[in-house]
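Residue numbering restarts at 1 for every chain, and letters A, B, ... go by the order of the sequence lines.
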Amino acid sequence: MVSARDEINFNSDHFALFGLTPAFRIDPLSLDKRFREIQARVHPDRFAHATESERRVSLQWATRVNEAYQTLKNPLARAQYLLDLAGKNIDKENNTSMPPEFLMEQMEWREAVAEARRAHEYGELEQLHHRVKQRMNKRYEQLAESIDDHHDYAMAADRVRRLMFLEKLLAEIDDGMAALEA
Amino acid sequence: MALLHIAEPGESAAPHQHKLAVGIDLGTTNSLVATVRSGLSVVLSDDLGRPLLPSVVRYHEDGGVDVGYEAQAEQARDPRNTIVSVKRFMGRGVRDIAHRESLPYDFEDVPGMVRLRTVAGVKSPVEVSAEILRALRQRAEHSLGGELVGAVITVPAYFDDAQRQATKDAAKLAGLSVLRLLNEPTAAAIAYGLDNGAEGIYAVYDLGGGTFDISILKLSRGVFEVMSTGGDSALGGDDFDQRIFCWILEAARLKPLSAEDARLLLTCAREAKEYLTNHGIAPINALLNSGERVDLKLTTEVFTEITRTLVAKTIKPVRKALRDAGLSVSEVKGVVMVGGATRMPQIQHAVGEFFNQEPLNNLDPDKVVALGAATQANLLAGNRGAGDDWLLLDVIPLSLGLETMGGLVEKLIPRNATIPVARAQEFTTFRDGQTAMALHVVQGERELVSDCRSLARFELRGIPPMVAGAARIRVTFQVDADGLLAVTAREQTSGVEASITVKPSYGLSDDEIANMLKDSMAHSKDDAVRRALKETQVEAQRLIEAVQSALKSDRDLLTDEQYALIETAVTRLQTAALGDDRRQISQAMNDLEAETRTFAAQRMDKTISKAMAGRRIEDLAGDETGSEKTGEHA
């Protein structure tokens, strides 16, 4: 039963590596499980006593499996990867296309973060973190719809760009919290 | 505990093939060596039954060396030549060393890693550490009755690349084959997890003599996954001694001390600290060489007060590690305490308070790291029995990056990335006809190069001359399972592999290591040439066994012609290994390695293919939870 599919392209995409259908909505538990099963076989710890050639191949494979896993585990990276597979360029560097009201909102968020940081308001930063996180979760749901339900990659690319802003904002809030703990 | 069931080709060694492998905890204050005997991890004691080896090395004028208790006994009499806590100097420059003015050593102020002037000449911390490792290797070989195939050596999780490399270099000098550098908290988690069948999120709080680590791990059936790590590689029990020492100086109103008296009082400070673990008040009595007498009493309250900031300093990285892991305190199921310094009541109290639960102390905090390392060494050496399958997923503690314009850091690999990991980045030339480029590799979290730790400077040469901006130089960072970084560079348009010269900022060059190796052999009692030959023969034997086992399980992957070529190379190596020409053996090993390169790749493909096939069988069997059917892929 298995032999019909024994021919696997090992340069195949991250989804194929873990036996998943390329989609934004994935089952994180089966991703974890598949990752561990494959990593358990290729990890350098399995080859510590093997020949140098085998150790090298193991290092390359384990690196590749880790990268595939991290890409699929992180929703933003996963979306970008799916758009890549669909041949859609997200154009990371170019934000000029963002609508002004979105950029305005971003600036307001940022001011709030800077203000809380200046005033040493740890609780306020925690609040902001929570709110941004909530916003992101909603956006991820919309992103899933664009990619999996409507196959609207132009819309998806726009949503990815917005999420990238939010992700950066979140990192800034976390930095602020870390700084206040110091 | 239930573990992943994975049958690997040629993994189950028959009992008579049991390979001698050890785990070594190379500690700041004490070091240990442990092994797995009849399925149980045990610490190997010395002839007098003492499990610990004080990490103290004393050099004599005639080149002789004492290690351990013998050296420790003389530290107050000969402080300049008796090196304690050398771990603090590994991969560090002289300016990195805290309280260096109160240390009795004669530091040599050279660029790069600090050196110590002793009666036996200038010593690098790598050489001093190698003496400790050599003593442990001898203890193990004596006790196990044979040559070791390899060792797992533990390092603080928060050690940077230079500190890790220095540790690996020390092992090389000591004639140890390193199976893996393993993070100390991870080693402790293995020992704890396997013993207790633990599942869930665990924090390992590891306060050693000179280093502090916090690791957050997810333990699940047969998988130890480090989610984040943090710490301070210059904070430990020594600092608590130092606080008591300063308190004594003030309380007894002492004049500036000689090196001997300083060492004596530091020892008194340590004894008082240990006494306070079980008592409310510690007497401190000493008669100094200067004739002054110290007669003081230190209470737990005062001790707690003067070390409050140190305790707080450990909680900050704990908070950060939890945030990096995206977890809150309430999600942590247990806190494992590791390292002798966690015996201090104020530490127990602070950790318990932070995590809102009693910390776990059911494993000896001095031994747990070595025991875990031994378990891992046994696995890595290939002595696996049924059910001995676990997977360790560790991370790098600090981000790795390159210096860019304006002294800023471009991060290539973020901290807490699961290893092994690789990242590539493209650079270009900024002048017409530019044929060389300098790269500066740094490690740390800050934005400015000057705030990060310099690891190495690379000089790329042989870039084909082109107009500015036309060259595409791809620089790849690869971090291996030891957490060590390798950097490669290639010009993409021409395919020219730029030649790289590496200047480690705080490490040793290959030449320096070769010289130290020569020196150490000249002074050691071993017959250097014979020892080196023996080592090569053992390596050759290991390679032959590995290849034969691979041939046995995967003969079908090779054409008759390929098979014959490998067979011939094996026979040639077998013949060479019988002789005593070390160079010839090495050559035959290289040839065999080259001959099996494709075979190795094919075997891995087969392994992956089997892993993927396994998944489909499960799907067909329909015993999954059935939440989705994604097994069929396009």
Looking only at non-hydrogen atoms, find the nearest pair between Thr596(B) and Ser53(A) and report the distance. OG1-OG, 3.6 Å
Sort Ala381(B) into side chain, backbone, both or neither according to what part of it lies under 4.5 angstrom from a heavy atom of chain A. backbone
How long is the straight-line distance from OH of Tyr69(A) back to CG of Leu393(B), given to the nearest 0.5 Å? 8.5 Å
Taking His43(A) for the side chain and Leu391(B) for the main chain, is one N or O donor matched with an acceptor at less than 3.5 Å? no
Given Ser220(B) and Arg36(A), is the side chain to side chain donor-acceptor pair (under 3.5 Å) satisfied, shown in steps? CA-CA 11 Å; Ser220(B) 52; Arg36(A) 288 162 174 199; 2.7 Å; yes
Of the listed residues (Ala600(B), Pro420(B), Ala601(B), Ala546(B)), which shares the most heavy-atom pairs with chain A below a 4.5 Å separation? Pro420(B)
So Phe47(A) and Leu380(B), do their side chains get closer than 4.5 Å, heavy atoms only? no
Of all of Arg56(A), Glu67(A), Gln70(A), which one pairs up most often with chain B through heavy atoms under 4.5 Å apart? Arg56(A)
Can you tell me if Glu593(B) uses its side chain to pair, donor with acceptor, with the backbone of Glu52(A) under 3.5 Å? yes
Which residues pass the side-chain contact (heavy atoms from CB on, under 4.5 Å) test with Ser399(B), sequence neighbours left out? Lys411(B), Arg415(B), Glu445(B)
Phe599(B) and Val57(A): side chain to side chain contact (heavy atoms under 4.5 Å, CB included), yes or no, with the steps? CA-CA 10 Å; Phe599(B) 186 39; Val57(A) 178; over 6 Å; no
Side chain to side chain donor-acceptor pair (under 3.5 Å) with Gln478(B): which residues, sequence neighbours excluded? Thr63(A)
To check you understand the geometry: which heavy-atom pair defines the closest contact between Thr607(B) and Arg41(A), and what is its length? CG2-CB, 3.5 Å
Give, as side chain, backbone, both or neither, the part of Lys218(B) having an atom under 4.5 angstrom from any heavy atom of chain A. side chain
Hey, what do you get for CD (Glu54(A)) to CZ (Arg603(B)), rounding to the nearest 0.5 Å? 4.0 Å
Give, as side chain, backbone, both or neither, the part of Ile419(B) having an atom under 4.5 angstrom from any heavy atom of chain A. backbone
Counting neighbours of CD on Glu447(B) that are heavy atoms of other residues, nucleotides or ligands and sit closer than 6.0 Å, is the number greater than 12? no
In terms of heavy-atom contacts, Thr51(A) and Leu543(B) come closest through CG2-CD1, 3.2 Å
Side chains of Arg46(A) and Leu379(B), heavy atoms from C-beta outward: is any pair under 4.5 Å? yes
Nearest 0.5 Å, what's the OG-NE2 distance between Ser177(B) and His49(A)? 12.5 Å
Can you tell which part of Asn66(A) gets under 4.5 Å to a heavy atom of chain B, answering side chain, backbone, both or neither? side chain
Under-4.0 Å salt bridge between Asp45(A) and Arg180(B): yes
